[in-house]
> 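Following this message is one structure expressed as structure tokens.
Hydrogens, waters and symmetry mates are skipped; everything else that's a heavy atom, side chains included, is used. Order of the sequence lines sets the chain letters (A, B, ...), proteins ahead of strands, with each chain counted from 1.
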Amino acid sequence: MSEQEFLKVSNVCKGFGEGDSRQEVLRGMDFTVQKGEFCVLLGPSGSGKSTLLNIIGGIDSADDGYIAIAGDKLRDMDEKALTRYRRKHLGYVFQLYNLIPNLNVKENIEVGAYLSDKPLDIDDLLNTLGLWEHRYKLPNQLSGGQQQRTSIGRAIVKNPDILLCDEPTGALDYNTSKEILKLIEDVNQKYGNTVIMVTHNNAISDMADHTIKLRDGKVRKNIINENKISAVDLDW
Amino acid sequence: MAINSNNSAGKALAPAASSRKKVKNPMRKRLFRELKKDWKKYFVLFLLMVFMIGLASGIDVGNDSMMAAIDESYEKYTIENGHFELREKASPALLSMIENEDITVYEQFYKDLSESKTAPNEMKSTSDIDEATGAKPSERLESDEKEVTVRIFKIRNEVNRACVMKGEMPSNADEIAIDNNHAYVNKIKVGDTLYIGESAFTVSGLISSSDYTTLFKKNSDFMFNAVDFDIAVMTEEGWESLPSSVFYQYAFMYNEKPATTAEQKEKADALMEKLAVLSATGGFTDEKAAAEELAVKMQQQDPEVMQLLAEREGDINELKDFVPEYANQAIHFAPEDMGSDKAIMSVLVYIFIGVLAFIFAITTSNTITSESAVIGTLRATGYTRGEILRHYMLMPIIVTLLASAAGNILGYTIFKDAAVALYYNSYSLVTYETLWNMDAFLVTTILPLILMLLINFIVIYRKLRLSPLRFLRKDLRTSKRKKAMRLPSWSFLKRFRLRILFDNMGGYIVLFVGIAFVMLMLAFSIGLPETLDHYKANLDENLISNYQYILKGYKDEEGNVITTSEESAEKYSVASLETIDGAHKGEEISVYGYENESSYIKIDEALSANEIYISSPYSKKFRLSEGDTITLKEKYEDKSYDFVIKGIYDYDGALCVFLPQENFNKIFGLDADAFTGFLSQNAISDINYEDIYTVVTLEEVMSIATQLDHSMGGMMDMVSWVCLVMAVLMMYLLTKIIIEKNATSISMVKVLGYENKEINSLYILLTSLVVLFSAVATAALAILGLAGVFRLYMNSLNGWFDVYISPMGIAKMILILVVSYAIVAIFDTIRIKKIPLADALKNVE
């Protein structure tokens, strides 16, 4: 493993169902991601990108092949070790935010901070996320963009090695989507986390260091983006 | 893990973060908000738990404090180690021989008289009523004043001293101190005038005597009776003036008290045998073998023995009764009954807390379902299953702890007072002090808490076993069924209802169990009074006779056979034997000998030597039928008798055996013309009261029903109301949970254009059908349960009666439940109406 080869996906296969109804979702995926890279997994619906993200996140397992983070193979970890791995090294951002409805913005971020021995300063983070004024609001008093910012805050407050984002802008309008993407870009640059983002939006690949195009459960293109642009310049 | 060391971002931030404290789990902040948001649900759960824990704790604390006072009273008031009764007053020589048996004997002679609050000349005479109404004596007693027997002792200063509860001990011949419980039941106060026999006495005080905590007239009685039986003390002068025959009872204390019950029994058995021999031989010997030898020589008219007997004629006596302290129901019934109250209450608490725990678990389970995406996110972020489990367990723990605290406070105050009042209502108990009780705390608080935690833990743990991905996908079904169950081609609405039923099966099962619990309590509250009424009515109809006169002997002092001119009187014999096995070992069985063509015991079949009929309750309790052989033994001797059952006689009054008079005398080795007394429809007035040992009236046979009616009658109405409130609260909770779980679906069908009426027909109608089905199904189960509990209870007592609930009673049970649900259904309808249409849209991804 080279010094910079942080995430290795090797011949990962995954299928669902049995017999005639079995469907192979991942058919031998291979790629690597460098440390601190902003990597986009791009593909249409059914291409296997969310399944792959879940396997990387340790909440699903591969039928064959393996995923290694900094040389440690997830398949060798038992459930407890996987939980520890997620607790210490992963941050998750979902399309539908999944905030706790009866905790306010600050408390929802504390939910992530609680898992870390050395969390980021929550007040700083609230300012960075543009949520300082909304910190005592409950999720149902926030816009979709503010909710997603909170969810990103919850994911990054524990300063994870890897930030996994599953269609984080899927439920947002154009402008809000760009704001969120800018925020993730800033986080990546400020804290140096490796970001792996699943999306079906081609335009987002322009802001990534690394784009992996998927179709029918296979890697169709593996592109290192030498001329990436800022999220604010994206257009779709 | 290797990646730790490679965390450049972590390193970069380390200086800034290192000084920060660990963040406390913010999830805890949800609890108060959750409580506030759903306060109605948690308040109802809290209330139900407070009520159950408070009630159990009150009964336990009251019970144990009272038990401690009773235990202490044995020493404080020098309660006897036992007593015995002789036919005549023991001669000094006999007494001295008796005291050689390692006991000290104390006279406690008594007289049984009638007691009344009304002067005798104010009462109508028996014959007047007979002519006027033709009513039976029992009916006269019901409609006028109850016949009360008072057992009067001289003030007892050495043993069985009384605790004065109110007023003072009598100091004049015209004063009397009566039993506190009897006074309470019959509303007699200090200063009242009571008519004992023909004379008036002033009640100087109310007493509790620990040898009569429970007012049993005879130790073998089916049930105590504080309504119609009283004990009292008078000055010696007053007592002597009473015109009644004396019962020569002696209390005894062991000079060296045996330590264990086994030793007590062994010693008492030996003592009883020696007393019987000593009294029969006038103190000549206490050895059974020697007495038998003496009897043989007496039959042979041995001159030496005849001389001896002549010398000891004044000492010869007969042991009529022997009751060691450990076997004395009047002493031990109350504490034992109070113990069983505790046990029953504990079982009820556990069942009810179990039901509540399941309601709680279902609530939490539904919350988990609605928060599944959040849980999935938390698990994906690294929260452990244990952390999530602990979070969801906190609410039941907090509510149960708060309820336990409040329940215990109420238990030590209001409920304890209520429990103690109930005991004072039934028993004659000494004063007590409230004691802190670790056992009560364990049984009423710690164990229910553990039960609540355990059930919640199992349900929540099972729910949280699923993978984070399943939570994220909101796929929480544990069933492996991939396709929906196929339903018959019924109408769409019917199929829809069935789907709702299957979807909420857990909730409906708990609803069923909860309803079963309420129905069991309703079966008690409605069934018990009905059972007692039925028993009384039945007994009134088929009583052997209105009066059973038992004579001291069938010949008077001059050796003439006692006769009566009362036309309805008929000779009969009765003896007491006891069972040696079966449902209740040592149960007293009355053996009746009847005359040929008896007009009271109508058995036409000719019975040979050991052939008998048994009464129906005997057959039911001991599960005996025609052709079975039974063995009964003499109570105070080893002698036993085998009988063959030829038939069941329809008489509910007692557990009895019937056989012809002739066979009776042969079996018990009596003279051919011997008999015990008279059965009679009317009171017999021409027999000298000194020749009468006792008279058994309908009231006495019915004493169990009277006493149970008094002890539980008032409480049963209260239990019915409690059931109604509990049923409303429980169904409110469960249907609330079911509707909340289906809020999105309800909102969705509203969006689709369904009207509230149609939605009600889906959800309310379904729940109504489930409630109705549960009510009918559990009514049957509850009655079976009641019969089972009753059989167990009856097996611990002397006697038997059947559980009876009329069709109206069953209808009432179901009606109470249906009315409870009707109240809940109003809340449910409002709740469904309030579900906003937007819910469906918000929750759909």
> Chain B heavy atoms under 4.5 Å from A:Leu82: which part of the residue, side chain, backbone, both or neither?
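The answer is neither part of A:Leu82.
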> Mark yes when over 12 heavy atoms from residues, nucleotides or ligands other than A:Phe38 sit less than 6.0 Å from its CZ; otherwise mark no.
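Yes.
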> With a 4.5 Å heavy-atom cut-off, do B:Pro468 and A:Arg86 have their side chains touching?
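The answer is yes, as the side chains (C-beta and beyond) meet within the 4.5 Å cut-off.
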> Using only non-hydrogen atoms and a strict under-4.5 angstrom cutoff, which residues of residues 164-172 of chain A touch chain B?
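Within residues 164-172 of chain A, no residue comes under 4.5 Å of chain B, counting heavy atoms only.
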> With rounding to the nearest 0.5 angstrom, report the OG1 to CG distance, B:Thr381 to A:Leu115.
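Atom-to-atom, B:Thr381:OG1 and A:Leu115:CG are 7.0 Å apart.
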> Can you say whether B:Leu378 sits under 4.5 Å from chain A via the side chain, the backbone, both, or neither, judging by heavy atoms?
side chain
> Report, as yes or no, whether the 6.0 Å neighbourhood of atom CZ on B:Arg495 holds more than 12 heavy atoms from other residues, nucleotides or ligands.
yes
> Heavy-atom distance under 4.5 Å to chain B: side chain of A:Ser151, backbone, both or neither?
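Looking at A:Ser151, nothing touches chain B.
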> With a 4.5 Å heavy-atom cut-off, do B:Glu371 and A:Ile100 have their side chains touching?
no
> Mind checking the OG1-CZ spacing from B:Thr384 to A:Arg84? Nearest 0.5 Å is all I need.
11.5 Å
> Determine, stepwise, if the pair B:Arg473 / A:Asn54 fulfils side chain to side chain contact (heavy atoms under 4.5 Å, CB included).
CA-CA 12 Å; B:Arg473 289 175 180 159; A:Asn54 289 337; 4.3 Å; yes
> Any pair with a residue in residues 372-382 of chain B that passes salt bridge (Lys or Arg N to Asp or Glu O under 4.0 Å), sequence neighbours left out, goes on the list, sorted by first then second residue, please.
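Only A:Glu79-B:Arg379 qualify under salt bridge (Lys or Arg N to Asp or Glu O under 4.0 Å).
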> Any heavy-atom pair between the side chains of B:Tyr383 and A:Val111 that's under 4.5 Å?
yes
> When you look at CZ of B:Phe43, are more than 12 heavy atoms from neighbouring residues, nucleotides or ligands closer to it than 6.0 Å?
no
> Around atom CZ of A:Phe31, are there more than 12 heavy atoms from other residues, nucleotides or ligands closer than 6.0 Å?
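More than 12 within 6.0 Å, yes.
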> Can you confirm whether more than 12 heavy atoms, excluding those of A:Gln189, are under 6.0 Å from its CD atom?
yes
> Looking at B:Arg33 and A:Asn102, would you say the former's side chain and the latter's main chain have a donor-acceptor pair under 3.5 Å?
yes
> Are A:Glu110 and B:Lys29 close enough for a salt bridge, meaning some N to O gap below 4.0 Å?
yes
> Any side-chain heavy-atom pair from A:Arg87 and B:Glu387 closer than 4.5 angstrom?
yes
> Does any heavy atom of chain A fall under 4.5 Å from the side chain of B:Lys24, the backbone, both, or neither of them?
backbone
> Check B:Ala373 against A:Asn98 and note the closest heavy-atom contact, atom names and distance.
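Shortest heavy-atom contact: CB-OD1, 3.4 Å.
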> Drop me the distance from B:Leu472's CG to A:Phe94's CZ, to the nearest 0.5 angstrom.
4.0 Å
> Side chain, backbone, both or neither: which part of A:Lys158 has a heavy atom under 4.5 Å from chain B?
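For A:Lys158, the contact with chain B is made by the side chain alone.
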> Looking at chain A, which one of B:Asn25, B:Val374, B:Leu469 has the largest number of heavy-atom pairs inside 4.5 Å, strictly under?
B:Asn25
